[in-house]
Protein chains: 2
Amino acid sequence: MSIPAGADEGSGMPARTTERRRRLREATLDEIHAAARRLLVDKGPAAVTINAVAREVGMSGPALYHYYAGYDELVGAVTAGFFRELAEAMGRARDAHPGAPIAERLVAACRAMRAWATTHPAEFGWIFASPVTPSNRQPASARHQAAQRFEQILLDLFVELWRTHPFPVPDPADLPPSLREQLAAYSDTIGGLLPPEAAHVFLTCWTRMYGLLCMEVLHQLDFAYTDMEPVFEECLRDLAGRLALDLPAQSATPPAT
Amino acid sequence: MSIPAGADEGSGMPARTTERRRRLREATLDEIHAAARRLLVDKGPAAVTINAVAREVGMSGPALYHYYAGYDELVGAVTAGFFRELAEAMGRARDAHPGAPIAERLVAACRAMRAWATTHPAEFGWIFASPVTPSNRQPASARHQAAQRFEQILLDLFVELWRTHPFPVPDPADLPPSLREQLAAYSDTIGGLLPPEAAHVFLTCWTRMYGLLCMEVLHQLDFAYTDMEPVFEECLRDLAGRLALDLPAQSATPPAT
DNA sequence: ATGTTTACTTAATGGCTCTAAATAAAACTA
DNA sequence: TAGTTTTATTTAGAGCCATTAAGTAAACAT
């Protein structure tokens, strides 16, 4: 299930350890994640407590502190797993038809994002609802890195689109200076892969799609919509027009993980 | 501070009571709200517990159950207060220049929304972050009603705009049938004040603005922006263009409560 | 064989929600 | 005015929770 995360998981991480132990530890971590997820899906976010997870795994309370320094770190690790799974689903959709035009692969990845979100509402909601503690905001944290790799997926697609079929961008002179500066800074942090104006278009698309999903999963639009699927498709269509993509009329939503 | 809410606050609500007691109770409720808010702002959402609030007010623990049936109801009442305050701020901005064109009053209300959100980040974040329990989703709950009155403010402005300066709407034939049905249903629930196509435009604007604020306050855009003000203004400008509003180049942000 | 590291256990502290029972004051009622 | 009800509050307690401390048994290293 889980690709080795690479980063240290907890502060209880042992220093020197043998291979057998390492595998056992990994298996226990997987068990812990699975138990936390089961509790989240079955009984809601409030049921994901250290004690309950430990009980589920079959060990008693404080034993979990050998795997995570505390509740926040456990939450961060579980969230990171969700980000990874979401990114994997989007990556699979992107790579499903390697020969397809970039526009179609981009839209496929976007649809995969919503497909994962709607088939895993508890997990996707957890991404927003669980408060991001200071420790989980550090760039070295598993959560931050997984979130970054998730964002990277759409960014990479935009970069490829920009290289091969550049989309219309606003005249930088039309943007307020403060925004221009921030876009220039962001353009730097992504290694200049997109110029500031193109980064602006990317961030606008990202914000609208991700924001729509956020509102959907937080039930902020229940007063108007019962089924957000066509709303998301409308949003996609609008953004596609803004990116001057030429797409077939409608393609099937790809299956999720 | 608080306009009488009208609805029963808690299940501990006494049946027959004298005027003096009613005032005392109201004062205690205000104290409770103020204490909860102080804890939220000073120490974060996790610090808002029944025990801590009671301690802050000066009574011990279970006394709060005479005012609220439990934690969820307390959270709902506090959230409702925030919604009311936010709506009041927007209403004041809307009414600040009664003779001004509707377009300017609409934009002023939108700016007031963000102004309140950014000057009260803890409170605005609480609106999203606090899980909406089933009891708070019932239409009779204080939270639901306050949220509705908040949404109503922009809706009313859109209705007036639609009546006096109708904005461009999509051809219903271009919308997928499922979306058309939902828009028709929503048009009904708002008493037909907007036809489905106009309701679609309203909901799109609402979703984009509110979603942007949601992402801002949940720190989902920190990876790119350090100051969201120009981003919000950009969004406003884009929506104004879509609504064919004619606005002065830039007006000052109205002060918040 | 001995000592260290790892993976746990139980015990304990202090906080939390919420219920139950008791109590004092205020308000009605006769 | 005397007695009863209603309201506001308290303390006690059950059962969660996170977290720390101290102890134990097995795996590993030398």
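Computed over heavy atoms, backbone and side chain alike; hydrogens, waters and symmetry mates excluded. In what follows, every chain begins at residue 1, and chains take the letters A, B, ... in the order their sequences are listed.
- Taking 4.5 Å as the limit, some side-chain heavy atom of A/Tyr67 sits within range of a side-chain heavy atom of A/Arg25.
- In this structure, B/Tyr68 places its OH atom 13 Å from P of D/dA8, rounding to the nearest Å.
- A/Ser130 meets the side chain to side chain contact (heavy atoms under 4.5 Å, CB included) test with A/Val75, A/Thr79, A/Trp126, A/Arg143; sequence neighbours excluded.
- Classified by interplanar angle (parallel below 30°, tilted 30° to 60°, perpendicular above 60°), the ring pair A/Trp116/A/Phe124 is perpendicular.
- Rounded to 10 degrees, the angle separating the terminal axes of the helix from C/dA1-D/dT30 to C/dA30-D/dT1 is 10°, with each axis obtained from five end pairs.
- Whole-Å rounding puts the B/Glu26 CD to D/dT7 P distance at 16 Å.
- With rounding to whole Å, B/Arg25 atom CZ is found 17 Å from C/dA26 atom P.
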Quiz item: Would A/Ile50 and A/Tyr68 satisfy side chain to side chain contact (heavy atoms under 4.5 Å, CB included), going step by step from the backbone distance to the final call?
Solution: CA-CA 10 Å; A/Ile50 288 209; A/Tyr68 295 107; over 6 Å; no
Polar pairs (N or O, both sides) under 3.5 Å between protein and nucleotides 25-28 of chain D?
unit_1: D/dC28; atom_1: OP1; unit_2: A/Arg20; atom_2: NE; d: 3.0

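- For the pair A/Met59 CE and C/dA7 P, the interatomic distance rounds to 10 Å; values are reported in whole Å.
- The main-chain N or O of A/Leu24 is found under 3.5 Å from a side-chain atom of A/Thr28 such that the two form a donor-acceptor pair.
- Within the 4.5 Å cutoff, the side chain of B/Tyr186 has no heavy atoms near those of the A/Thr226 side chain.
- In this structure A/Glu56 satisfies the side chain to side chain contact (heavy atoms under 4.5 Å, CB included) test together with A/Ala35, A/Arg38, A/Leu39, sequence neighbours excluded.
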Practice problem: Check the pair A/Glu233, A/Arg111 against salt bridge (Lys or Arg N to Asp or Glu O under 4.0 Å), reporting the backbone distance first and the verdict last. | Solution: CA-CA 9 Å; A/Glu233 285 297 324; A/Arg111 289 206 176 102; 2.7 Å; yes
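- Residues B/Glu85 and B/Glu123 have side chains not in contact (no heavy-atom distance under 4.5 Å, counting atoms from C-beta outward).
- A salt bridge does not link A/Glu26 with A/Arg23: none of the charged nitrogens is closer than 4.0 Å to a carboxylate oxygen.
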Residues 202-210 of chain B, side-chain donor-acceptor partners within the protein, below 3.5 Å, at least two apart:
unit_1: B/Thr204; atom_1: OG1; unit_2: B/His200; atom_2: O; d: 2.8
unit_1: B/Thr207; atom_1: OG1; unit_2: B/Leu203; atom_2: O; d: 2.7
unit_1: B/Arg208; atom_1: NH1; unit_2: B/Asp238; atom_2: OD2; d: 3.1
unit_1: B/Arg208; atom_1: NH2; unit_2: B/Asp238; atom_2: OD2; d: 2.7

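- Rounded to a whole Å, the CG atom of B/Leu24 is 15 Å from the P atom of C/dA25.
- Rounding to whole angstrom units, CD of residue A/Glu73 and C1' of D/dA18 are separated by 14 Å.
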Nucleotide N/O to protein N/O under 3.5 Å, stretch nucleotides 17-22 of chain C:
unit_1: C/dT17; atom_1: OP1; unit_2: B/Ile50; atom_2: N; d: 2.6
unit_1: C/dT17; atom_1: OP2; unit_2: B/Ile50; atom_2: N; d: 3.2
unit_1: C/dT17; atom_1: OP2; unit_2: B/Asn51; atom_2: N; d: 2.9
unit_1: C/dC18; atom_1: OP2; unit_2: B/Tyr65; atom_2: OH; d: 2.9
unit_1: C/dC18; atom_1: OP2; unit_2: B/Tyr71; atom_2: N; d: 2.8
unit_1: C/dC18; atom_1: O5'; unit_2: B/Tyr65; atom_2: OH; d: 3.3

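- In this structure, A/Arg55 does not reach the D/dC16 phosphate: none of its side-chain N or O atoms is under 4.0 Å from OP1 or OP2.
- Atom pair B/Tyr67:OH and D/dT10:C1' shows a separation of 13 Å (rounding to whole Å applied).
- Regarding A/Leu64, its CG atom lies at a distance of 11 Å from the C1' atom of C/dC8, rounded to whole Å.
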